[in-house]
A.B. asks: 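Structure below; questions to follow.
First the proteins, then the strands, lettered A, B, ... as listed; each starts at 1.
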2 protein chains.
Amino acid sequence: MIRKKVKLAYITNDSSRKATYKKRKKGLMKKMSELSTYCGIDTCAIMYSPYESETEFWPSP
Amino acid sequence: MIRKKVKLAYITNDSSRKATYKKRKKGLMKKMSELSTYCGIDTCAIMYSPYESETEFWPSP
DNA sequence: GATTCTATTGTTAGATG
DNA sequence: ACATCTAACAATAGAAT
């Protein structure tokens, strides 16, 4: 399996872009949660998207 | 060089915790910025900490 | 205490069910 | 459309400077 290097630019293909959004959102949420835990601090991430809008806080209010 | 697997918990050592905060904040900011670019959406990350407080938006206002 | 190094762990693009 | 797989790629813990 060979993956092409992805350049940092808007993904024009609709399904690829949505798939990337879903995967990366999940990864980001995890990392924000980890930072909150490791450092004992409050964090919040906001992502607006056509698919949905997400606002999440850590630690969970 | 052997690195122990880190468990997901508050890092009690002050300098380790601060170092982790700095490194992970940088990584998170990069990823938020990438998500904004890849998907053409607005994102925002907020991190409160004793060291500083950070709020950043993408794309840059 | 900031910066750099790198072994290791973690994330994810594209493929496949 | 959604879940899972995994090679390729990226982030980072701990050490060194």
A.B. asks: Below 4.0 angstrom from OP1 or OP2 of C:dT12, is there any side-chain N or O of A:Thr20?
C.D. replies: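 No, outside the criterion.
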
A.B. asks: In whole Å, what is the span from the CD atom of B:Glu34 to the P atom of D:dC9?
C.D. replies: 15 Å

A.B. asks: Could you state the CD1-P distance from A:Ile11 to C:dG14, rounded to the nearest angstrom?
C.D. replies: 8 Å

A.B. asks: Whole Å only: how far is the OH atom of A:Tyr21 from the P atom of C:dT12?
C.D. replies: 14 Å

A.B. asks: Please report, rounded to the nearest Å, how far the P atom of D:dA11 is from the CG atom of A:Leu28.
C.D. replies: 11 Å

A.B. asks: Could you tell me the separation between the NZ atom of B:Lys30 and the C1' atom of C:dG10, rounded to a whole number of Å?
C.D. replies: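 Rounding to the nearest Å, NZ of B:Lys30 and C1' of C:dG10 are 14 Å apart.
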
A.B. asks: Locate the shortest heavy-atom distance separating A:Tyr48 from B:Ile41; write the atom from each residue and the value.
C.D. replies: O-CB, 2.8 Å

A.B. asks: What distance separates B:Lys18 NZ from A:Cys39 SG, expressed to the nearest 0.5 Å?
C.D. replies: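 If we round to the nearest 0.5 Å, B:Lys18:NZ and A:Cys39:SG are 11.0 Å apart.
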
A.B. asks: Using five base pairs at each end, measure the axis-to-axis angle across the helix from C:dA2-D:dT17 to C:dG17-D:dC2 and round it to 10 degrees.
C.D. replies: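 If I round to tens, the end axes sit 30° apart.
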
A.B. asks: Name all residues meeting the side chain to side chain contact (heavy atoms under 4.5 Å, CB included) criterion together with B:Ser36; count only those two or more places apart in sequence or in a different chain, and write none if there are none.
C.D. replies: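 B:Ser36 satisfies side chain to side chain contact (heavy atoms under 4.5 Å, CB included) with B:Thr43, B:Trp58, B:Pro59 only.
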
A.B. asks: Closest approach of A:Leu28 and B:Lys31, non-hydrogen atoms and distance?
C.D. replies: CD2-CB, 3.8 Å

A.B. asks: Could you list all N or O pairs between the protein and nucleotides 1-3 of chain D that sit under 3.5 Å apart?
C.D. replies:
from, atom 1, to, atom 2, distance (Å)
D:dA3, OP2, A:Lys22, NZ, 3.4

A.B. asks: Restricting to side chain to side chain contact (heavy atoms under 4.5 Å, CB included), what partner residues turn up for A:Asn13, sequence neighbours left out?
C.D. replies: A:Ser15, A:Ser16

A.B. asks: Under the side chain to side chain contact (heavy atoms under 4.5 Å, CB included) test, which residues partner B:Thr37, sequence neighbours left out?
C.D. replies: A:Leu8

A.B. asks: Calculate the interatomic distance between B:Lys7 atom NZ and D:dT12 atom C1'; express it in whole Å.
C.D. replies: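 So the two atoms are 20 Å apart, to the nearest Å.
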
A.B. asks: Would you mind reading off the distance between B:Tyr38 atom OH and D:dA10 atom C1', rounded to a whole angstrom?
C.D. replies: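 It is 11 Å, rounded to the nearest whole Å.
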
A.B. asks: Is A:Lys31 close enough to C:dG10 that one of its side-chain N or O atoms is under 4.0 Å from OP1 or OP2 there?
C.D. replies: no

A.B. asks: Can you tell which of D:dA13, C:dT11, C:dT12 lies closest to the side chain of A:Arg24?
C.D. replies: C:dT12

A.B. asks: Rounding to an integer number of Å, can you tell me how far B:Leu35 CG sits from C:dA13 P?
C.D. replies: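 Those two atoms, CG and P, are 10 Å apart.
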
A.B. asks: With sequence neighbours excluded, what pairs up with A:Arg24 under the side chain to side chain donor-acceptor pair (under 3.5 Å) test?
C.D. replies: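 Per chain and number, A:Arg24 pairs via side chain to side chain donor-acceptor pair (under 3.5 Å) with B:Glu34.
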
A.B. asks: Please examine the side chains of A:Arg17 and A:Asp14, heavy atoms only from C-beta on, and report whether any two atoms are closer than 4.5 Å.
C.D. replies: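 Heavy-atom side-chain distance check passes, below 4.5 Å.
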
A.B. asks: Please report the shortest heavy-atom distance between B:Met32 and A:Ala45, naming the atom on each side.
C.D. replies: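 For B:Met32 and A:Ala45, the tightest heavy-atom pair comes out as CE-CB, 4.3 Å.
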
A.B. asks: Among the candidates C:dA13, C:dT11, C:dT4, find the nucleotide nearest to the side-chain atoms of B:Lys23.
C.D. replies: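 Per side-chain heavy atoms of B:Lys23, the pick is C:dT4.
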
